[in-house]
Amino acid sequence: MSTLEELKTLKELYTYRAVGFEYYKESKELKSESNTYMPNCMNELKQTVLKCYLCQLCKGRKNVVFGEGNIKAKLMFIGEGPGASEDASGRPFVGQAGQLLTKIIENVLELKRDDVYIANIVKCRPPQNRTPTYEEANICRPYLLKQMEIINPSIIVALGSTSFRYLTDDETPISRVRGEMLQYKNAKLIPTFHPSFLLRTPSAKKDVWRDMLKVKGLL
Ligand code: URA
């Protein structure tokens, strides 16, 4: 579709919504696991995602934050969604929380940031950094699933409660589940605290350090 066609389609969708149609029914039954129609190549997938207008987050974004890193990585980090710095740059985890994540990767895991893959539950910034809705996460899910399928990591670290909840549909508080080793498709899933939480609560850093040592042991 050309950009003009996309804009026309988008305008039509907004018109439908203005007269009362809903974009999408928020229903767990409709949870989208299907990603068969997605490209199998990361670059093509990225081009598809860059042109996504399927949820309302497209309206406020400056850039789509697709994700970045080694597409053959054994270790994948999944955050919640882009913040202001990520939206401005189009890259995941580049703000303050991102700098802390980079330190964790380099100093605790003794890896380079380029060795791992970093993505988010939603690819566009929620307004005022609010938590993505179930609907937004669900619409973005096939993109993340396809990224995971292409990378096929052996370990996935879910950063924070939103990432953990939307990945697993499990509402257990992150403080109870962090550091556990769970199975997620072909990979081990280790939830831990989000780096933004660590910036507000430095006393929790020791827990994340412990979780990352577990990840290091598995690598
Ligand atoms: N927080 C996230 O969850 N993801 C980012 O990319 C940046 C901050």
Side-chain angles (χ1 to χ4, degrees), residues 42 45-46 49-50 52 55-58 60-71 73 75-106 108-109 111-141 143-148 151 153 155-171 173-175 177-178 184 189-202 204-205 207-208 211-212 215:
M42 197 64 103
L45 180 65
K46 182 171 179 177
V49 178
L50 293 185
C52 179
C55 85
Q56 56 191 339
L57 296 184
C58 69
R61 74 182 176 217
K62 290 196 177 81
N63 285 291
V64 174
V65 180
F66 176 71
E68 66 180 23
N70 181 352
I71 62 162
L75 174 60
M76 182 167 180
F77 287 90
I78 302 181
E80 173 176 324
S85 313
E86 292 75 21
D87 182 47
S89 64
R91 298 181 55 213
F93 281 99
V94 290
Q96 265 198 307
Q99 286 161 26
L100 180 54
L101 177 63
T102 304
K103 275 195 194 158
I104 293 171
I105 294 168
E106 291 175 351
V108 189
L109 293 169
L111 294 171
K112 294 201 279 295
R113 194 177 143 114
D114 291 350
D115 292 333
V116 305
Y117 197 90
I118 305 175
N120 279 305
I121 294 287
V122 293
K123 313 294 188 209
C124 300
R125 183 190 182 199
Q128 279 85 47
N129 295 341
R130 64 156 171 74
T131 305
T133 63
Y134 181 83
E135 178 187 6
E136 290 155 358
N138 204 16
I139 290 172
C140 229
R141 176 190 301 272
Y143 300 141
L144 181 61
L145 289 180
K146 197 62 181 183
Q147 282 176 303
M148 288 175 173
I151 297 163
I155 305 166
I156 295 170
V157 174
L159 294 168
S161 56
T162 305
S163 168
F164 174 69
R165 178 160 43 93
Y166 284 141
L167 278 175
T168 59
D169 257 341
D170 181 340
E171 310 230 330
I174 191 75
S175 53
V177 80
R178 59 140 278 275
Y184 184 84
L189 173 70
I190 302 194
T192 195
F193 290 132
H194 193 285
S196 301
F197 174 73
L198 298 186
L199 292 173
R200 298 191 302 272
T201 321
K205 281 185 183 172
D207 296 321
V208 173
D211 300 344
M212 291 305 106
V215 168

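We number each residue from 1, following the sequence as shown. The basis for the numbers below is simple: all heavy atoms, side chains too, and nothing from hydrogens, waters or symmetry mates. Numbering of ligands and ligand atoms starts at 1, following listing order.
- The local environment of CD in Q96 is sparse, with at most 12 non-hydrogen atoms from other residues, nucleotides or ligands closer than 6.0 Å.
- Residues D115 and N70 come closest through the heavy atom pair O-CB, 3.6 Å.
- Annotation: E80 places an N or O atom under 3.5 Å from an N or O atom of ligand 1; distance criterion only.
- The shortest heavy-atom distance from H194 to ligand 1 is under 4.0 Å.
- None of V157, L159, L144 except one satisfies the side chain to side chain contact (heavy atoms under 4.5 Å, CB included) rule with I78; the exception is L144.
- Looking only at protein heavy atoms, the nearest one to atom 8 (C) of ligand 1 is F93 CE2, 3.8 Å.
- When the options G81, P195, G160, G79 are ranked by their closest heavy atom to atom 2 (C) of ligand 1, first place goes to G81.
- In terms of N/O distances under 3.5 Å, ligand 1 is approached by N120.
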For this session: Quick one: do V65 and R125 satisfy side-chain contact (heavy atoms from CB on, under 4.5 Å)? Show the steps, please.
Result: CA-CA 8 Å; V65 180; R125 183 190 182 199; over 6 Å; no
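- A centroid separation of less than 6.0 Å is found between the aromatic rings of F93 and H194.
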